[in-house]
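Below, each value reflects all heavy atoms present in this structure, side chains not excepted, and no hydrogens, waters or symmetry copies. A note on names: the letters A, B, ... follow the listed sequences, proteins ahead of strands, and every chain is numbered from 1.
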Amino acid sequence: MQDFIHVKDVASVGEGKLVSVRGWVYRKREIGGKVFIVVRDSTGIVQAVVGKDNGDAFKKAEQLNIESSLVLRGYVKREPRAPGGFEIQVIDIPWSFVGWQFPINEDAAKADSEYLLDMRHLWVRSRRMQSVLKIRDTVFGAIHEWFRGNGYYEVQAPMFITSAVEGGSTLFEVNYFDSKAYLTQSSQFYLEALIFSLEKVYTVAPSFRAEKSRTRRHLTEFWHAEAEVAWAGLEDIFTVTENLISHVVKRVLERNLEELSILGRRTEPLENVKPPFPRVSYDEAIGILNRKGFDLKWGSDIGADEERALTLEFTQPIHLHHFPEQVKAFYHRNDPARPETTLSVDVLAPEGYGEVVGGGERIFDYDELVGKIRRFNLNPDDYQWYLDLRRYGSVPHAGFGLGVDRLVMWICGLDHIRDALPFPRDMRRLKP
RNA sequence: GCCGCCGUAGCUCAGCCUGGUGGAGCGGCGGGCUGUUAACCCGUAGGUCCCGGGUUCAAGUCCCGGCGGCGGCGCCA
């Protein structure tokens, strides 16, 4: 077996070296008795040239379609006319697979259409998706890196559950032998159970929401990074989320400048991301928004349009905190100093992207939790084991959930969350 | 749940308002070009104009119904 190199290393092996690369046809042009093949692999693109005098390889090269695969061998040449300044002068093509006519062309790619979603299993090969996927890899890696570097245990919660985490949210029902089960919409309750064992825990797992949402920031299956910390309060969640997000962004800037550039993503908004993030109370937000022309009453929720307007006032992600009780789920702890509000926080990504994190302090007192469940017209019987946690050595604690796909969407500057992951699932899309 | 939009070539779309022989670009195929960069130039093939009904001498175009799809809001991460 001979040694192969990756496309990105072609320039550095030095002119005149004989190299072998394996990849796919990114572009093919025939002119002047030569075939120019731009070869793509997981690391980049490089131009290869096959001359007509090289009869056997020339014939093979001529037959290749876009995205056909090939192995080629040739000499590296410094060539200012080639993209990247180097090309491979092919001496032979030891292996090739002549693919069918590739169904995605430049026109379809430019249109950014529904068609590309139907063709996603092939579109993942595009430089654009390739770049998103590399950044996504950095993001997931950096999340694990940060939690593990800060004393958290990684845990796993079940995906099959029997009742809702939050009343009102819609669950996917599945057949579970002779009974019904549901797909989890959050691992939070399980993490809360686990803090009494491990104190600081996190998980990165899918969550499922059967909401009929048709927006650019909703999926029915999304990747949820959740953490829960014993003895922690709202201030700790501010600190944890701003440090976590800043770390992730820093890693992306270290590793993915090329990918950001392929995506046409400006890096300035990312370079601004450093702790601490501005803290904006719900009260302040209502004031800011009403000065900007909204007409919001205290107690109304801050919707997508309002979030967008609010984030445009800042150059960093912001901590929006102290939401009124009625706009947050029942498990949020009310602020003893101001009981109509909760010790809750959303982190809003800048540039109009909006909510990427929701979290805050949880109710740790049994009677307080039962009372609030009733006040929200829910049935305490549905929360038996969750209430149990408040019976045996309960402690103040706090946690949060981060929508990883939303974070990737913002970091990449994407228009739609669907493009932040390879095979998105939403209300109307279950394939490929 | 609410509001709005669309369905014409493999893909992206124009044509519809104001009815009169189905169009463009990209892609395919054939040819040309001795260095292309989303190559270019010439030629050529390719259509159930979503389906059904109606109006009309005549419907892709107007009307009614159906089907399929898209965007946004709410909800949330």
Side-chain contact, heavy-atom cut-off 4.5 Å: T315(A) with P350(A)?
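T315(A) does not reach P350(A) side chain to side chain.
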
I'd like to check V132(A) versus L421(A) (side-chain heavy atoms, cut-off strictly below 4.5 Å). Are they in contact?
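Heavy-atom side-chain distance check fails, nothing below 4.5 Å.
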
Return the value, rounded to whole Å, for the distance between atom [atom1] of [X] and atom [atom2] of [N].
X       : N      : atom1 : atom2 : answer
R429(A) : C70(B) : CZ    : P     : 7 Å
D305(A) : C3(B)  : CG    : P     : 17 Å
L117(A) : G68(B) : CG    : P     : 20 Å
D118(A) : U12(B) : CG    : C1'   : 15 Å
M409(A) : A77(B) : CE    : C1'   : 12 Å
F323(A) : C76(B) : CZ    : P     : 10 Å
F102(A) : C11(B) : CZ    : C1'   : 13 Å

So if I take residues 129-150 of chain A and measure heavy-atom distances to RNA chain B, which residues fall below 4.0 Å?
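Contacts with RNA chain B under 4.0 Å: none.
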
For [N], does either OP1 or OP2 sit under 4.0 Å from a side-chain N or O belonging to [X]?
X       : N      : value
R428(A) : C70(B) : yes
R29(A)  : U34(B) : no
R217(A) : G74(B) : yes
R27(A)  : G35(B) : no
R308(A) : G72(B) : no

Could you write out each protein N or O paired with an N or O of nucleotides 41-46 of chain B at a distance under 3.5 Å?
none

So, does the side chain of [X] form a donor-acceptor pair with the base of [N] at under 3.5 Å?
X       : N      : result
R406(A) : C76(B) : yes
Q47(A)  : U36(B) : yes
E87(A)  : G35(B) : yes
T215(A) : G71(B) : no
S213(A) : C75(B) : yes

Within the structure shown, what part of the strands sits under 4.0 Å from [X] by heavy-atom distance: base, sugar-phosphate, or nothing?
X       : answer
V38(A)  : nothing
I104(A) : nothing
D346(A) : nothing
Q89(A)  : base
K52(A)  : nothing
H218(A) : base
A225(A) : nothing

Side chain of [X] only, heavy atoms from C-beta on: which candidate in [options] is closest?
X       : options                : value
K34(A)  : G72(B), A77(B), G35(B) : G35(B)
Y115(A) : G72(B), C76(B), U12(B) : U12(B)
A82(A)  : C73(B), G35(B), C76(B) : G35(B)
I31(A)  : G28(B), C33(B), C73(B) : C33(B)
E355(A) : U36(B), A77(B), G71(B) : A77(B)

Between the side chains of [X] and [Y], does any donor sit under 3.5 Å from an acceptor?
X       : Y       : answer
H397(A) : E361(A) : no
W298(A) : D283(A) : yes
E325(A) : N334(A) : yes

Quote, to the nearest angstrom, the [atom1] distance that separates [N] from [M].
N      : M      : atom1 : value
C67(B) : C51(B) : P     : 16 Å
G7(B)  : U48(B) : C1'   : 14 Å
G46(B) : G28(B) : C1'   : 9 Å
G74(B) : C3(B)  : C1'   : 11 Å
G4(B)  : G20(B) : C1'   : 34 Å
A24(B) : G19(B) : P     : 24 Å
U21(B) : G15(B) : C1'   : 15 Å
G35(B) : C49(B) : P     : 46 Å

Taking side-chain hydrogen bond (donor to acceptor under 3.5 Å, both in side chains) as the criterion, tell me which of D301(A), T341(A), D346(A) meets it with K328(A).
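The single option meeting the side-chain hydrogen bond (donor to acceptor under 3.5 Å, both in side chains) with K328(A) is D346(A).
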
Applying a 3.5 Å limit to both distances, which nucleotide forms a Watson-Crick or G-U wobble pair with [N]?
N      : result
C13(B) : G23(B)
C62(B) : G54(B)
U44(B) : G28(B)
C2(B)  : G72(B)
C33(B) : none

Taking the inter-plane angle between the rings of Y152(A) and Y202(A) on a 0 to 90° scale, is it parallel (under 30°), tilted (30 to 60°) or perpendicular (over 60°)?
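If you compare the ring of Y152(A) with that of Y202(A), the planes turn out perpendicular.
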
Check this for me, if you would: do E242(A) and R279(A) make a salt bridge, where the nitrogen-to-carboxylate-oxygen distance has to be below 4.0 angstrom?
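Salt bridge flag = yes for R279(A) with E242(A).
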
Is any NZ, NE, NH1 or NH2 atom of the basic residue among R429(A) and D118(A) found under 4.0 Å from an Asp or Glu carboxylate oxygen of the other?
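Yes, charged N to carboxylate O under 4.0 Å.
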
RNA chain B: 5'-proximal contact among I302(A) and E79(A) (nearest heavy atom)
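The residue closer to the strand's 5' end, by nearest nucleotide, is E79(A).
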
Go nucleotide by nucleotide along RNA chain B from the 5' end; which of P80(A) and E221(A) gets its closest nucleotide reached first?
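Counting from the 5' end, the first nearest nucleotide belongs to P80(A).
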
Can you confirm whether or not the ring centre of [X] sits under 6.0 Å from the ring centre of [Y]?
X       : Y       : value
H319(A) : F277(A) : yes
F423(A) : H121(A) : no
F102(A) : W24(A)  : no

With rounding to the nearest 0.5 angstrom, report the CG to CE distance, L122(A) to M129(A).
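L122(A) atom CG to M129(A) atom CE measures 12.0 Å (nearest 0.5 Å).
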
Would you check if F222(A) stacks with the base of A77(B), given a 5.5 Å centroid limit and a 30° plane limit, both strict?
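It does: the ring sits over the base of A77(B).
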
Restricting to ring-ring contact (aromatic ring centres under 6.0 Å, His included), what partner residues turn up for H224(A), sequence neighbours left out?
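F222(A).
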
